[in-house]
**Q** 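Before anything else, here's the structure in question.
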Amino acid sequence: MDSVKQPQPASATGTAGAARKRIGIFGSTGSIGKQALEVIEANADKFSVSILTAHSNHDLLIEQSRKFRPAAVVIVDETKFQLVKNELSSLGIKVLAGEKALEEVAEMNNYDMMLAAIVGFAGLKPTLKAIETGKTIALANKETLVVAGDIVMQMAVQRRVPVIPVDSEHSAIFQCLVGETRNRIEKIVLTASGGPFLGKKPNYLVNVKREHALQHPNWSMGTKITIDSATLMNKGLEMIEAKWLFNLQPRQIQVVVHPQSIIHSMVQFEDGSIKAQMGLPDMKLPIQYAMAFPVRIANDFPRFDFTKSSQLTFEPPDIRTFRNLALATDALHRGGNLPCIMNAANEIAVFGFLKNRIGFLDMTEVIERTMERLTFIEKPTLEEYFESDAEARNFAATLINL
Ligand code: NDP
Ligand code: MG
């Protein structure tokens with residue numbers, strides 16, 4: 001069995017004595033970004049903010065910048081540049097705009113850790129730049145590893161850059177692996193809440209509308225990941241994310257539905273012993289764990305009480321109904337550019353669904369047809385990943401007349 005990459009009690013996470021760790025939050029106006037700022041505010045002696053970025057939410061970016069005083073901000077939507085600049089330049093904050101500016105600030109040497117919290121493929125290039133220039137990565141943006149996990153992790157190893165997961169399941173696995181450097185993983189068990197449509201069948205799902213799918217039972221998240229959770233694509237993306245983060249073989253990755261979301265994931269070692277990481281579902285916990293690793297920070301978040309909980313239950317996922325999980329399993333096993341193609345088609349399908357252009361089950365159709373159509377490349381270069389992404393997006397968009 002392959003040896004696995006496991007968390008080291010890193011000294012390279014950017015903490016120098018009592019100096020505050022300087023964080024660059026890429027995607028600060030999103031669900032993860034906002035919660036990260038709450039963590040930073042509550043621990044102002046440990047963290048400072050160097051970079052904030054948004055796509056188009058200039059109001060929130062300006063508000064966050066006034067409060068946290070980063071050295072630089074990026075607003076990707078160039079039509080908002082002047083607005084943001086007018087508000088922030090007098091505070092000595094460097095304001096940049098456009099997609100390329102994300103890479104420019106990622107290269108700056110005024111921060112220690114990137115919180116990669118942009119949604120989708122757009123997070124890949126800035127994250128690569130941050131790794132290239134030696135920043136520790138706290139990774140929320142799972143799509144980065146789904147698209148080009150081999151290249152990203154190889155670069156991280158070469159530059160000796162820690163990639164610390166923020167995704168709750170992967171944070172759980174990471175936490176279970178602390179102190180287990182010498183021990184082999186037999187398998188990991190990724191827990192899935194099952195989403196809002198757990199137990200439903202296609203005759204129900206065919207009529208599901210946007211508003212309904214946006215109601216997640218356990219987590220409040222950005223719109224794209226909320227839809228991914230409803231279709232189980234999120235768990236599919238997470239299997240591929242886990243493969244790269246922990247250097248696993250596909251057969252070592254199992255998905256189990258656990259509707260209460262108390263166990264965030266588990267590791268089974270070669271002696272059959274299973275470690276689980278548990279707690280109430282709250283993304284602030286994995287965010288602060290990644291930011292402060294290897295130390296834990298005391299907090300007053302609500303605690304899980306075993307005497308008050310009713311039951312923790314487990315069941316296999318229904319992959320005949322939630323076929324996205326079967327497609328993702330196929331992509332996980334076949335590898336190459338297939339996860340990249342799947343991810344691109346999924347981003348377009350989710351966009352189409354959110355715009356009420358296609359139905360809930362059509363999303364799977366779009367992804368499957370795109371995966372079938374595009375040319376498989378076994379060992380793509382970074383350039384080929386970008387090309388596969390673009391081609392898959394174009395093809396998926398034509399399927400739904402975007
Ligand atoms: P949100 O949609 O809430 O936020 C996304 C952030 O990225 C916003 O700051 C947004 O800016 C910015 N953004 C969107 N599109 C682009 C783009 N094309 N270029 C640059 N910036 C862009 O997402 P979440 O916070 O929910 O998720 C972020 C990532 O973390 C995702 O990859 C998700 O899978 C992952 N994740 C999220 C969890 C959660 O609980 N939310 C849990 C585990 C993982 P603007 O606000 O201006 O649009
Ligand atoms: Mg997750």
Side-chain angles (χ1 to χ4, degrees), residues 21-43 47-57 60-61 63-65 67-68 70 73-76 102 105-106 111-124 126-127 130 135-147 152 163-175 193 214 216 218-229 233-235 237-238 241-242 245 261 264-265 279-293 297 299 301 343 347 350:
K21 197 180 286 181
R22 301 166 302 171
I23 315 282
I25 306 185
F26 287 66
S28 65
T29 50
S31 161
I32 294 288
K34 286 189 278 191
Q35 294 179 82
L37 286 171
E38 285 177 39
V39 169
I40 292 174
E41 191 177 8
N43 297 281
F47 306 111
S48 65
V49 176
S50 295
I51 295 167
L52 295 175
T53 84
H55 181 261
S56 53
N57 189 345
L60 185 55
L61 183 66
E63 188 189 317
Q64 292 176 338
S65 303
K67 186 162 173 185
F68 291 94
V73 304
V74 175
I75 181 85
V76 173
L102 291 172
V105 293
Y111 74 111
D112 306 303
M113 170 182 269
M114 168 190 269
L115 176 66
I118 288 175
V119 61
F121 179 84
L124 173 61
T127 306
K135 313 318 187 301
T136 296
I137 309 294
L139 188 78
N141 176 252
K142 63 193 83 183
E143 294 91 344
T144 284
L145 290 184
V146 173
V147 171
V152 172
V163 178
I164 307 173
V166 169
D167 210 348
S168 60
E169 295 77 1
H170 306 74
S171 174
I173 292 161
F174 189 82
Q175 292 181 53
S193 69
L214 284 173
H216 194 278
N218 302 346
W219 305 92
S220 158
M221 309 177 285
T223 48
K224 193 251 176 188
I225 185 176
T226 305
I227 301 303
D228 284 346
S229 300
M233 179 53 91
N234 184 48
K235 215 46 58 180
L237 299 174
E238 289 183 355
E241 179 185 16
L245 274 173
S261 297
H264 302 311
S265 278
L280 290 174
D282 181 348
M283 279 311 295
K284 286 215 289 278
L285 190 55
I287 291 171
Q288 80 161 44
Y289 185 81
M291 290 199 326
F293 180 78
I297 304 178
N299 60 40
F301 305 163
N343 177 71
E347 287 192 27
V350 171

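The model shown is predicted, which means the values in this text are computed figures rather than measured ones.
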**Q** If the condition is salt bridge (charged side-chain N to carboxylate O under 4.0 Å, His left out), which residues does E38 pass it with, not counting sequence neighbours?
**A**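 Salt bridge (charged side-chain N to carboxylate O under 4.0 Å, His left out) list for E38, sorted by chain: K284.
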**Q** Test of understanding: with side-chain contact (heavy atoms from CB on, under 4.5 Å), list the residues that count as partners of S220, not counting sequence neighbours.
**A**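 For S220, no residue satisfies side-chain contact (heavy atoms from CB on, under 4.5 Å) once neighbours in sequence are set aside.
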**Q** Could you check whether any side-chain heavy atom of V119 comes within less than 4.5 Å of a side-chain heavy atom of H55, counting everything from C-beta outward?
**A**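 The answer is no; the side chains never approach within 4.5 Å.
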**Q** Applying salt bridge (charged side-chain N to carboxylate O under 4.0 Å, His left out), can you list everything that pairs with K235, at least two apart in sequence or on another chain?
**A**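 K235 satisfies salt bridge (charged side-chain N to carboxylate O under 4.0 Å, His left out) with E169, E238 once adjacent residues are dropped.
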**Q** Under the side chain to side chain donor-acceptor pair (under 3.5 Å) rule, collect the residues that match up with D282, sequence neighbours excluded.
**A** none
**Q** Could you list the residues that satisfy salt bridge (charged side-chain N to carboxylate O under 4.0 Å, His left out) with E241, not counting sequence neighbours?
**A** none
**Q** Step by step, work out the side chain to side chain contact (heavy atoms under 4.5 Å, CB included) result for K21 and M291.
**A** CA-CA 8 Å; K21 197 180 286 181; M291 290 199 326; 5.7 Å; no
**Q** Applying side chain to side chain donor-acceptor pair (under 3.5 Å), can you list everything that pairs with E63, at least two apart in sequence or on another chain?
**A**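 E63 satisfies side chain to side chain donor-acceptor pair (under 3.5 Å) with no other residue.
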**Q** Indicate every side-chain donor-acceptor pair of residues 28-36 with a distance under 3.5 Å to a residue at least two apart or in another chain.
**A**
residue: S28; atom: OG; partner: T53; partner atom: O; Å: 3.2
residue: S28; atom: OG; partner: Q64; partner atom: OE1; Å: 2.8
residue: S31; atom: OG; partner: Q35; partner atom: NE2; Å: 3.4
residue: Q35; atom: NE2; partner: S31; partner atom: O; Å: 3.2

**Q** A side-chain contact here means heavy atoms from C-beta on lying under 4.5 Å apart; do L214 and T223 qualify?
**A**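 The answer is yes, as the side chains (C-beta and beyond) meet within the 4.5 Å cut-off.
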**Q** Excluding sequence neighbours, so at least two apart, what forms side-chain contact (heavy atoms from CB on, under 4.5 Å) with S50?
**A** R22, N110, Y111
**Q** According to ring-ring contact (aromatic ring centres under 6.0 Å, His included), who are the partners of Y289, at least two apart in sequence or on a separate chain?
**A** F293
**Q** Mind checking what makes side-chain contact (heavy atoms from CB on, under 4.5 Å) contact with A116, not counting sequence neighbours?
**A** M114, T127, I137, L139, N141
**Q** Go through the structure and list residues passing side-chain contact (heavy atoms from CB on, under 4.5 Å) with S261, not counting sequence neighbours.
**A**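 Testing S261 for side-chain contact (heavy atoms from CB on, under 4.5 Å), a comparison that skips the adjacent residues, returns S193, N218, W219, P281.
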